[in-house]
Amino acid sequence: MVNLHIEIDGHRSLSVEGWKVLPDDRQQTMEVLGGTVVQDFGRLESGDKYSCTADFLRHDWESVKKIWNDRTLVSVKDQAGIIHTKMRVVVKGYSYVSHFPRCYKVNLEFWRV
């Protein structure tokens with residue numbers, strides 16, 4: 001069963017959209033004389049980033065904002081019910097939800113550190 005919300009340290013969103021995983025893959029191509037080579041420093045799962053947009057009521061948004069400001073590492077439960085531990089919350093932007101001034105639409109990233 002897919003949930004239509006996420007939880008950040010127990011603070012539940014009203015909705016969530018666009019959950020994405022940005023893998024940390026440390027390889028790149030490099031042009032050299034006579035061709036191209038691959039420089040590969042591996043893949044670090046601990047460097048993966050997650051992102052989404054979620055709606056929160058004011059009370060939960062204030063708590064999430066405090067977690068972000070204090071740089072507290074927390075658990076994040078995603079739409080599939082998977083719990084990601086020791087995540088840093090990064091707020092990329094936020095706004096009011098149209099016609100609901102006590103509800104915030106928040107663009108988030110979560111980092112493993």
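The analysis underlying the following values was restricted to heavy atoms, covering all of them including side chains, and did not include hydrogens, waters or symmetry mates. Quick caveat, the model's predicted, so the values are computed rather than measured.
- Annotation for Leu33: hydrophobic cluster partners, listed by chain and number, are none (ILVMFWY side-chain heavy atoms under 4.5 Å, direct or chained).
- Both Val21 and Ile8 are members of a single hydrophobic cluster when ILVMFWY side chains are connected at heavy-atom separations under 4.5 Å.
- The backbone N or O of Ile6 lies less than 3.5 Å from a partner atom in the side chain of Ser13, making a donor-acceptor pair.
- With sequence neighbours excluded, the residues satisfying side chain to side chain contact (heavy atoms under 4.5 Å, CB included) with Tyr96 are Tyr104.
- Here the rule is side-chain contact (heavy atoms from CB on, under 4.5 Å) with Leu14, and of Val97, Leu57, Leu4 only Leu57 fits it.
- Taking Ile, Leu, Val, Met, Phe, Trp and Tyr as hydrophobic and joining them when side-chain heavy atoms fall under 4.5 Å apart, one finds Phe41 isolated, its cluster having no other members.
- Met30 belongs to a hydrophobic cluster whose other members, connected by ILVMFWY side-chain contacts under 4.5 Å either directly or through intermediates, are Val32, Val37.
- Checked against the 6.0 Å centroid threshold, His84 and Tyr50 count as a close aromatic pair.
- Using bins of under 30°, 30° to 60° and over 60° for the plane-to-plane angle, the ring pair Tyr94/Trp68 lands in the perpendicular bin.
- Looking at residues two or more places apart in sequence or on another chain, you find a salt bridge (charged side-chain N to carboxylate O under 4.0 Å, His left out) between Asp55 and Lys105.
- Partners of Arg12 according to the salt bridge (charged side-chain N to carboxylate O under 4.0 Å, His left out) rule, which considers only residues two or more places apart in sequence or in another chain, do not exist here.
- Every salt bridge (charged side-chain N to carboxylate O under 4.0 Å, His left out) that Arg43 has, sequence neighbours left out, goes to Asp48.
- Annotation: the span from Gln79 atom CD to Cys52 atom SG amounts to 7.5 Å, rounded to 0.5 Å.
- Shown here for Gly10 and Glu7, the closest heavy-atom pair between the two residues is CA-OE1, 4.0 Å.
- For Thr29, the side chain to side chain contact (heavy atoms under 4.5 Å, CB included) partners are Thr36, Val38, not counting sequence neighbours.
- The side chain to side chain contact (heavy atoms under 4.5 Å, CB included) test applied to Asp70 returns Lys66, Thr72, not counting sequence neighbours.
- Minimum interatomic distance between Ile67 and His11 (heavy atoms only, all atoms of both residues): CD1-CD2, 4.2 Å.
- Judged as a salt bridge (charged side-chain N to carboxylate O under 4.0 Å, His left out), not a single pair has a partner in residues 94-104 (not counting sequence neighbours).
- In terms of the salt bridge (charged side-chain N to carboxylate O under 4.0 Å, His left out) criterion, Asp40 has no residue partners (sequence neighbours excluded).
- With sequence neighbours left out, Lys49 forms a side chain to side chain contact (heavy atoms under 4.5 Å, CB included) with Leu22, Glu109, Trp111.
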